[in-house]
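All ligand and atom numbering here is 1-based and tracks the order in the structure.
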Amino acid sequence: MSKSITAKEVKEHATPEKGLYIIIDGSVYSMAEFADEHPGGSKILKRVGGKDASKQFWKYHNEGVLKKYQPKLKIGELKEEAKL
Ligand code: HEM
């Protein structure tokens, strides 16, 4: 089973030093290792560190990109939390 990660944890890992976590469609990715290799640049990834970047991701990539990199970059699933 995939690790369950809270939105708070994602926020706490917003910088490359802390793992540069981002959310895409409910999955959490650690972009720290990949940021310098990212064809779109590291700057744009740092801007979405700690956040849900689904909208930005789908603007520039297709499903194939996600499938290819998922095994390397995905670290878990965003934990569903009750919205009070
Ligand atoms: C799991 C996360 C991501 C992976 C694996 C990834 C991977 C890639 C790859 C492989 C490319 C080269 C083009 C292609 O093959 O389609 C690319 C381009 C690009 N990416 Fe990402 N990316 C990720 C997240 C993001 C996010 C969150 C943003 C925006 C905030 C972003 C912005 C861009 C941009 C602007 C380009 C250049 C597009 C162009 O020149 O046409 N990427 N990315």
Side-chain angles (χ1 to χ4, degrees):
M1 207 185 98
S2 174
K3 190 176 177 235
S4 187
I5 300 170
T6 64
K8 183 169 173 275
E9 279 177 83
V10 174
K11 253 187 230 153
E12 287 166 354
H13 294 84
T15 61
E17 295 73 31
K18 296 197 167 155
L20 193 60
Y21 290 8
I22 66 168
I23 300 162
I24 301 171
D25 290 352
S27 293
V28 180
Y29 296 83
S30 174
M31 304 304 290
E33 301 286 315
F34 180 68
D36 287 337
E37 299 168 33
H38 179 229
S42 61
K43 209 165 149 191
I44 198 162
L45 289 180
K46 285 178 197 159
R47 237 181 276 148
V48 293
K51 298 183 192 150
D52 191 316
S54 307
K55 225 192 261 169
Q56 292 91 330
F57 181 83
W58 292 115
K59 192 170 161 197
Y60 300 114
H61 318 76
N62 54 38
E63 184 75 39
V65 174
L66 206 56
K67 282 226 176 82
K68 179 173 173 196
Y69 289 93
Q70 221 160 32
K72 191 172 137 182
L73 303 175
K74 184 172 167 180
I75 55 167
E77 301 285 341
L78 184 67
K79 188 173 190 227
E80 299 268 357
E81 285 167 299
K83 289 194 179 79
L84 300 174

Should [X] and [Y] count as side-chain neighbours, where that means a heavy-atom distance under 4.5 Å?
X     : Y     : answer
Leu20 : Thr15 : no
Val65 : Tyr60 : no
Val10 : Leu78 : yes

Among the heavy atoms of Met31, does any lie under 4.0 Å from an atom of ligand 1?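 Yes.
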Pull out every atom of ligand 1 sitting under 4.0 Å from any heavy atom of Tyr69, numbered as shown with elements.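 Ligand 1 atoms under the 4.0 Å threshold to Tyr69: 5 (C), 10 (C).
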Enumerated ligand 1 atoms positioned under 4.0 Å from heavy atoms of Ile24: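 Going through ligand 1 atom by atom, the ones under 4.0 Å from Ile24 are 1 (C), 2 (C).
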Rounded to the nearest 0.5 Å, how far does [atom2] of [Y] lie from [atom1] of [X]?
X     : Y     : atom1 : atom2 : result
Ile24 : Asp52 : CD1   : CG    : 8.5 Å
Lys11 : Ile23 : NZ    : CD1   : 9.0 Å
Gln56 : His61 : CD    : NE2   : 10.5 Å
Ile5  : Lys79 : CD1   : NZ    : 12.0 Å

Does the plane of the ring in His13 sit parallel, tilted or perpendicular to the ring in Tyr21? Use 30° and 60° as the thresholds.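 Correct class here is parallel.
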Val48, Leu66, Asn62 screened by side-chain contact (heavy atoms from CB on, under 4.5 Å) with Phe57, the one that passes: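 Between Phe57 and the candidates, side-chain contact (heavy atoms from CB on, under 4.5 Å) is satisfied uniquely by Leu66.
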Residue pairs, two or more places apart or on separate chains, that pass side-chain hydrogen bond (donor to acceptor under 3.5 Å, both in side chains) and touch residues 27-47: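 Of all non-adjacent pairs touching residues 27-47, those that pass side-chain hydrogen bond (donor to acceptor under 3.5 Å, both in side chains) are Ser27-Lys74, Tyr29-Gln70.
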Might you check, step by step, whether the distance between [atom] and some protein heavy atom is under 4.0 Å?
atom                    : value
atom 41 (O) of ligand 1 : no
atom 36 (C) of ligand 1 : yes
atom 13 (C) of ligand 1 : no

Give every protein N, O or S atom lying under 2.8 Å from atom 21 (Fe) of ligand 1, naming each by residue and atom.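 Atoms qualifying: His38 NE2, His61 NE2.
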At what distance is the nearest protein heavy atom to atom 27 (C) of ligand 1, and which residue and atom is it?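 The answer is Ala53 CB, 3.7 Å.
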Looking only at protein heavy atoms, which one is nearest to atom 4 (C) of ligand 1, and what is the separation?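 Going by distance alone, atom 4 (C) of ligand 1 is nearest to Phe34 CE2, 3.8 Å.
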